[in-house]
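Worksheet: the structure to be examined is printed underneath.
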Amino acid sequence: AGYFFSGGSIMLRSDAVKKLLCCFFGVFFLIYAIPSIADDGKTDNSPDWFFPKWAANAKYNTPIKAFDTDSALGRYSLKTKDIGLKDITRYHGHMCDGLVIAYVEIKEVLKKLFPNGIVDRTDLRTVSKNGPCWVDTVSYMTGARINFQTLRIDNSIGDGFIIQRISTGEAYSVHLKPGVFPKDQADLEAKIRKLRSEGKPVTAEDINTVEKMADTLSMKLLTTPPEELLDIKPLKNYRFVFTDMFGNRGDIINKNMPR
């Protein structure tokens, strides 16, 4: 039994006391801790018609935790929300290799900028090329936007990004390592784009082939350790410039200098 009599009173054995304490703290955890965890905004990473099972179950398809504000004039939220690849796929319209490349690249830089694992989307600015996959993904994951002058569009960046944490100035550039993007896929994509730019039709075979190539690349990106895929470089003393459209005239700075 878990107790014995001593001097007319019931004394609990030490093992019974331990069980009682375990039950108490277990109930306390269920009542108070679980609701707190559940209240954090979890993402839906389940397979769907637009989100294949191989992507949903991929080892490196893991969401980021984001930190935002409560309202239009609100303070920092007290809880985080998950942002996953499926969320971005819904927003973008489809899952493609460009979206996956951007997702993998951005996520790894955010790990460096926010080592505690919680991304502050009020504290980021970025540089991206003018591509639908790239701009949609970086805006969604970082909160950077053109209209707030925190997203610079610059095609010279190529298939990568510069991401900077505003409060610290810490910045990184990120790109795929050479050879990760298959040459035969790049050639077929270039062929298709050239034909369409000339107003010429593209065969169903070419479209089907390039889509299969994109899925194969996406699967590789989501199942390979990121350090084998990415070149990430710190940018010391990086100065973010939103646009080169505006500036001061350089040809008048000496107009009042003596002759």
Side-chain angles (χ1 to χ4, degrees), residues 33-68 79-119 121 124 126 128 131-143 159-161 163 172 174-186 188-189 207-232:
I34 293 291
S36 175
I37 294 171
D39 284 346
D40 280 346
K42 299 297 181 183
T43 188
D44 168 26
N45 198 43
S46 61
D48 214 316
W49 70 265
F50 60 89
F51 195 64
K53 186 176 180 180
W54 57 259
N57 297 334
K59 182 176 181 179
Y60 295 101
N61 173 26
T62 54
I64 64 169
K65 284 194 175 297
F67 204 37
D68 298 291
K79 295 184 180 295
T80 63
K81 60 178 72 70
D82 284 357
I83 295 174
L85 183 58
K86 187 176 180 181
D87 298 315
I88 302 167
T89 300
R90 286 183 184 277
Y91 171 68
H92 180 62
H94 56 254
M95 199 189 83
C96 59
D97 56 328
L99 198 77
V100 175
I101 292 169
Y103 182 73
V104 170
E105 289 181 343
I106 296 164
K107 185 170 65 169
E108 291 308 304
V109 172
L110 293 177
K111 287 180 183 178
K112 292 182 175 295
L113 293 174
F114 300 94
N116 69 346
I118 299 176
V119 177
R121 291 198 297 177
L124 290 164
T126 66
S128 169
C133 310
W134 313 92
V135 172
D136 283 357
T137 307
V138 80
S139 295
Y140 203 104
M141 293 180 73
T142 69
D159 292 343
F161 301 92
I163 305 175
Y172 294 90
V174 58
H175 294 83
L176 291 181
K177 287 184 175 181
V180 172
F181 197 98
K183 184 179 184 303
D184 56 346
Q185 182 179 341
L188 182 53
E189 287 184 1
I207 294 174
N208 293 339
T209 300
V210 81
E211 287 181 341
K212 289 178 182 177
M213 288 177 168
D215 282 349
T216 300
L217 176 58
S218 294
M219 185 182 298
K220 177 182 177 180
L221 293 167
L222 293 173
T223 56
T224 303
E227 60 270 18
E228 297 179 16
L229 301 169
L230 306 177
D231 276 330
I232 301 177

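Numbering starts at 1 and runs along the sequence shown. For clarity, every value in this text was computed on a predicted model and none was experimentally measured.
Closest heavy-atom contact between Met141 and Ile64: O-CD1, 3.8 Å. Scanning all heavy atoms of the two residues, the minimum distance from Ala102 to Trp134 falls at CB-CE3, 3.9 Å. Pairing each heavy atom of Ala56 with each of Ser46, the nearest pair is CB-C, 4.2 Å. When all heavy atoms are compared, the tightest approach of Lys86 to Pro47 is NZ-O, 4.2 Å.
Interatomic distance, His92 NE2 to Tyr103 OH, rounded to the nearest 0.5 Å: 15.0 Å. Interatomic distance, Phe67 CZ to Lys79 NZ, rounded to the nearest 0.5 Å: 11.0 Å. Note that CD of Glu227 is 10.0 Å distant from OG1 of Thr224, once rounded to the nearest 0.5 Å. Of the inter-residue distances, the one linking Asp159 atom CG with Glu105 atom CD reads 7.5 Å to the nearest 0.5 angstrom. Asp97 CG to Cys133 SG: the interatomic distance, rounded to the nearest 0.5 Å, is 7.0 Å. Atom CD1 of Ile106 is separated from atom CG of Leu113 by 11.5 Å, given to the nearest 0.5 angstrom.
Of the options Leu217, Leu221, Val104, a side-chain contact (heavy atoms from CB on, under 4.5 Å) to Leu176 is made by Leu221 and by none of the others.
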request  = Any chance you could lay out the side-chain contact (heavy atoms from CB on, under 4.5 Å) test for Lys65 and Val119, step after step, and finish with the verdict?
outcome  = CA-CA 6 Å; Lys65 284 194 175 297; Val119 177; over 6 Å; no
task = Could you walk me through whether Phe181 and Glu189 pass the side-chain contact (heavy atoms from CB on, under 4.5 Å) test, one step at a time?
result = CA-CA 12 Å; Phe181 197 98; Glu189 287 184 1; 3.8 Å; yes
request  = Give the intermediate values and the outcome of side-chain contact (heavy atoms from CB on, under 4.5 Å) for residues Leu110 and Phe114.
outcome  = CA-CA 6 Å; Leu110 293 177; Phe114 300 94; 4.3 Å; yes
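For the side chain to side chain contact (heavy atoms under 4.5 Å, CB included) test, residues two or more places apart in sequence or in another chain that qualify with Lys112 are Tyr172, Ile232.
At most 12 non-hydrogen atoms from other residues, nucleotides or ligands lie less than 6.0 angstrom from NZ of Lys212.
Two residues are said to be in side-chain contact when any heavy atoms from C-beta on lie closer than 4.5 Å; Phe50 and Arg90 meet this criterion. Looking at heavy atoms from C-beta onward, Leu99 lies out of side-chain contact with Ser218 at the 4.5 angstrom threshold.
Among residue pairs with one or both ends in residues 52-61, those qualifying as side chain to side chain donor-acceptor pair (under 3.5 Å) are Asn45-Asn61; sequence neighbours excluded.
Side chain of Asp87 to main chain of Gly84: a donor-acceptor pair is present (N/O by atom type, distance under 3.5 Å, no hydrogens or angles). Under the 3.5 Å distance criterion, the side-chain polar atoms of Lys107 are matched with a main-chain donor or acceptor of Thr62. In terms of modelled atom types and a separation under 3.5 Å, the side chain of Arg121 and the main chain of Ser139 share no donor-acceptor contact.
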